[in-house]
Amino acid sequence: MAEKIAEQIRLLKRGTIEIFKEDELSEKLTEAAKTPRQLRIKLGLDPTSPDIHLGHTVVLRKMRQFQDLGHKAVLIIGDYTARIGDPSGQNTTRPTLTDEQIRQNAKTYFTQAGKVLDTSDDRLEVRYNSEWLEKMSLMELIQLAAKKTVAQMLQRDSFKKRLAAEDDVYTHEFLYPLMQGYDSVVIESDVELGGTDQTFNNLVGRDIQRAYGQTSQIVITMPILVGLDGKEKMSKSKGNYIGVTDEPNDMFGKVMSISDDMMENYFTLLTDLPAEKIAKLANPDKTHPKKAKVLLAKKIVTQFYNEATAQLAAAQFDKVFAQGQLPDDIPVVKISSEPIMASKLLVLCDLTSSSSEAKRMVKQSAVSINANKISDPNAEITPKDGMVIQVGKRRFARLKIK
RNA sequence: GGGUCGGUGCCCGAGUGGUUAAAGGGGAUGGGCUGUAAACCCAUUGGCGUAAGCCUACGUUGGUUCAAAUCCAACCCGGCCCA
């Protein structure tokens, strides 16, 4: 029994940054196994952006491990909080969403999370926090706010930094940690998962639960996945992300574009490979980095599609980028056979966003027609069936005369 | 409420009457080199136009001027200090 629990802890610890606190987790797991009962594992989701990417899956994968051990995932859709705005202060101009948008986002979010999570009824519970927050009275809110001091709130790293940098910190931002903590009380969570950026909020949950007479949840923090640029965290707004719904070829290509020193991290957080194996793959003396990266890309594509698709994506990648051949699936653009100026043709094929950009591209010898580089943006092109226009390395269009 | 500083392109930031589509940096994109890696080198980075050129842009609105991101006024928004 004790051994089994130790084994579970070992598994659950993989890839985590910190567990508050490990011995409590061990107690909970032991108690759950004895009773028996399912632990309730909380994860808060922000439905302001509908698409989830690999950064989200780091935490979702951890959640899946808990599910596989028999526990229950409780997803909290922060629909109420989303209506107010962004707590991180990253982007003050973020538009406030309508109920309809939020609901829509939550729905797609859920579908996408299902690619990682076990969605069967006894393993997953989805709750919207408007369910209880909407009903909260001002008095109740004041009582909640009375549980924490201002000094405690100012401990939060992002508040501290922003104050030091003389950036804005709005009063309502203090309410987010409190509300999230209150979520934990309502759903009686045993464990809360989150990225390290959520550490403060999630720890507030522990205090709030205690203040409301509950046992404190265990907080497990996961690393923030670095985005494709290798610098900032993966996020949709920064455009450095791999979405779980990205096309296989796209997904594969994006993984291939990460820098070598990010590979180990990606292997650890995004695959189930054992640590020893990863160490071998990440060591350039033992494995050629390109080869290791191909494996990583295949593993990732396989997770969201299947192995055969991953193989195809790998073959396609090799064909287009290693051998410089054309990809199989080039978007077809219908066009009349009238001669057209090159710069206009590019816009028409949606290969550039403006004709000014098109002209620049041509001048920079980025454009080729049927594999022949062109240099005059004003050249008249006579469209032919099957003619292939290429801009840069990865933008293609095939013409079809209508 | 008072004082003071500020609001510039995707971001940061220089510019204080004309030579400003606006220095410099970051980012991004294209080319070279490669393994669509990193590093490095070169180039591009508002729109329309075949071109000459035209249009739009420095918080908002109005004004002064031949000419305004730059001067004036009012307003909106924010930081800091004081209360």
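Just so we're on the same page: letters track the sequence lines, and every chain starts at 1.
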Show me the dot-bracket string of RNA chain B, counting Watson-Crick or G-U pairs under 3.5 Å, with | for pairs to another strand and [ ] for crossing ones.
((((((((.[[[..)..(.....]]]((((((.......))))))(((....)))...[[[[[..)....]]]]]))))))).
In this structure, how many angstroms lie between the [atom2] atom of [N] and the [atom1] atom of [X], rounded?
| X | N | atom1 | atom2 | value |
| --- | --- | --- | --- | --- |
| A:Asn240 | B:U29 | CG | P | 11 Å |
| A:Leu346 | B:G47 | CG | C1' | 17 Å |
| A:Asn378 | B:C48 | CG | P | 13 Å |
| A:Glu232 | B:G26 | CD | P | 15 Å |
| A:Glu380 | B:A51 | CD | C1' | 14 Å |
| A:Leu228 | B:U29 | CG | C1' | 16 Å |

Does a side-chain N or O from A:Arg395 land closer than 4.0 Å to OP1 or OP2 of B:G30, or not?
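For B:G30, OP1 or OP2 has a side-chain N or O of A:Arg395 closer than 4.0 Å.
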Is there a donor-acceptor pair under 3.5 Å between the side chain of [X] and the backbone N or O of [Y]?
| X | Y | answer |
| --- | --- | --- |
| A:Ser355 | A:Ala358 | no |
| A:Glu192 | A:Gly181 | no |
| A:Ser189 | A:Val185 | no |
| A:Arg40 | A:Ile187 | yes |

Of residues 350-370 of chain A, the positions that come close to RNA chain B - non-hydrogen atoms, cut-off under 4.0 Å:
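Under 4.0 Å from RNA chain B: A:Ser354, A:Ser355, A:Ser356, A:Lys359, A:Arg360, A:Met361, A:Gln364, A:Ser365, A:Ala366.
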Any side-chain donor-acceptor pair under 3.5 Å between [X] and [Y]?
| X | Y | answer |
| --- | --- | --- |
| A:Asp51 | A:Gln112 | yes |
| A:Gln65 | A:Lys62 | yes |
| A:Glu307 | A:Thr302 | no |

Between the protein and nucleotides 36-38 of chain B, list the N/O to N/O atom pairs that are separated by less than 3.5 angstrom.
unit_1	atom_1	unit_2	atom_2	d
B:A37	O4'	A:Lys293	NZ	3.3
B:A37	O2'	A:Ile258	O	3.4
B:A37	O2'	A:Ser259	N	3.4
B:A37	O2'	A:Asp260	N	3.4
B:A37	N3	A:Asp260	OD2	3.3

For A:Met341, report the nucleic acid contact type (base, sugar-phosphate, nothing); a contact means any heavy atom under 4.0 Å.
sugar-phosphate
Determine the Euclidean distance between corresponding P atoms of B:G46 and B:C10; express it in Å to zero decimal places.
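Going atom to atom, P in each nucleotide, I get 9 Å.
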Atom P, compared across B:U70 and B:G63: separation rounded to whole Å
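That atom pair is separated by 15 Å.
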According to the interplanar angle, ranging from 0 to 90°, do the rings of A:Tyr212 and A:Tyr182 count as parallel (below 30°), tilted (30 to 60°) or perpendicular (above 60°)?
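Taking A:Tyr182 first and then A:Tyr212, their aromatic rings stand perpendicular (interplane angle over 60°).
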Mutual orientation of the aromatic rings belonging to A:Tyr109 and A:His56 [parallel < 30°, tilted 30-60°, perpendicular > 60°]
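Perpendicular, since the angle between the ring planes exceeds 60°.
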Go nucleotide by nucleotide along RNA chain B from the 5' end; which of A:Val391 and A:Met263 gets its closest nucleotide reached first?
A:Val391
Residue mapping more 5' on RNA chain B - nearest nucleotide basis, A:Pro289 or A:Asp229:
A:Asp229
Side chain to side chain, A:Met234 and A:Leu54, heavy atoms closer than 4.5 Å
yes
Test A:Asp190 against every option in A:Arg37, A:Lys42, A:His71 by the side-chain hydrogen bond (donor to acceptor under 3.5 Å, both in side chains) rule and name the one that passes.
A:Arg37
Ring of A:Tyr128, cation from A:Arg103 - is the NZ or CZ under 6.0 Å from the centre and inside 45° of the axis?
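Because its charged atom sits under 6.0 Å from the ring centre and within 45° of the axis, A:Arg103 does stack over A:Tyr128.
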